[in-house]
Amino acid sequence: MAEVTADRLLGGGATFPGADTATKLKLAGVDVASFGDAFARTPGALEIVWADPVAGVYKKLVLSDDARTLLGGVLVGDASAYASLRPMLGRELPGDPSAFLLPRAPAAPPTSSCPTTRVSARATTSPPARSGTPSATRAATTSAP
């Protein structure tokens, strides 16, 4: 904003493109981050979600309709991918986008009490309605132990 103001004061025609709304916080000991189109308001946007409610982890990537370009994301409980994802905003992701969401392989084999995790993808054709019910054209969900 300061650069645009200085340019305008000097007779330039610069315009303010908008603020970067990317955020990374720690709230009550929980890592939280959001960046770009975190709510999938871009027409045709795809959302890939990984959630582990027992561990308190929720991760969502918002991709272009061809599932290649990163449009935004939300990370709660584990925001470690923020540093690598934020610079890729607006760029084509290398490889499978779900690799940025899934946790790394555990050091020990999982036990029978391992929580169920859920990965899902949803395509939207328009921004979510104000009532909180998003319009969806297709959805897929898989569960893994």
Side-chain angles (χ1 to χ4, degrees), residues 1-8 14-145:
M1 290 190 299
E3 291 173 3
V4 172
T5 301
D7 180 72
R8 298 294 287 213
T15 59
F16 182 62
D20 180 1
T21 58
T23 306
K24 185 171 186 300
L25 308 165
K26 185 167 254 188
L27 301 171
V30 178
D31 283 331
V32 178
S34 70
F35 55 96
D37 183 9
F39 298 106
R41 293 190 170 118
T42 302
L46 299 172
E47 295 176 285
I48 300 175
V49 175
W50 183 83
D52 182 345
V54 174
V57 176
Y58 173 86
K59 299 177 185 182
K60 174 175 78 170
L61 293 183
V62 179
L63 306 171
S64 60
D65 58 0
D66 63 0
R68 293 184 182 183
T69 304
L70 179 64
L71 301 177
V74 175
L75 306 168
V76 178
D78 176 10
S80 60
Y82 177 80
S84 59
L85 287 170
R86 174 65 183 91
M88 288 191 259
L89 192 59
R91 297 183 180 170
E92 190 170 315
L93 289 175
D96 183 5
S98 65
F100 291 96
L101 299 178
L102 299 173
R104 299 184 189 234
T111 65
S112 60
S113 62
C114 182
T116 298
T117 58
R118 183 168 297 274
V119 178
S120 64
R122 178 178 66 218
T124 57
T125 55
S126 61
R130 292 209 169 228
S131 66
T133 55
S135 60
T137 55
R138 64 182 185 262
T141 302
T142 58
S143 294

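This is a predicted model, so every value here is computed, not measured.
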Discussion item. Measuring only between side-chain heavy atoms, which start at C-beta, is Asp31 closer than 4.5 Å to Asp78?
Written reply: no
Worksheet item: Do Thr69 and Leu93 come close enough that some side-chain heavy atom pair is under 4.5 Å?
Response: no
Worksheet item: Are side-chain heavy atoms of Leu61 and Leu70 found at a separation under 4.5 Å?
Response: yes
Worksheet item: Any idea which heavy atoms bring Leu75 and Ala81 closest together, and the distance?
Response: CD1-C, 4.2 Å
Worksheet entry | Leu63 side, atom CG; Glu92 side, atom CD - distance, nearest 0.5 Å | 11.0 Å
Discussion item. Tell me the closest heavy-atom pair linking Gly73 and Ala38, and the distance in Å.
Written reply: O-CB, 3.6 Å
Worksheet item: Is any side-chain heavy atom of Tyr58 less than 4.5 Å from a side-chain heavy atom of Asp52?
Response: no
Item to complete: To the nearest 0.5 Å, tell me how far Phe35 CZ sits from Leu89 CG.
Response: 6.5 Å
Worksheet item: Taking C-beta and beyond as the side chain, do Phe100 and Lys59 meet within less than 4.5 Å on heavy atoms?
Response: no
Worksheet item: Closest approach of Pro94 and Met88, non-hydrogen atoms and distance?
Response: CD-SD, 3.8 Å
Item to complete: Check whether any side-chain heavy atom of Ile48 lies under 4.5 Å from a side-chain heavy atom of Lys60, and answer yes or no.
Response: no
Worksheet, complete the sentence: When every non-hydrogen atom of Ser34 is compared with those of Tyr82, the smallest separation belongs to O-CE1, 4.2 Å
Worksheet item: Which heavy atom in Leu71 sits nearest to a heavy atom in Ala45, and how many Å separate them?
Response: CD1-CB, 4.2 Å
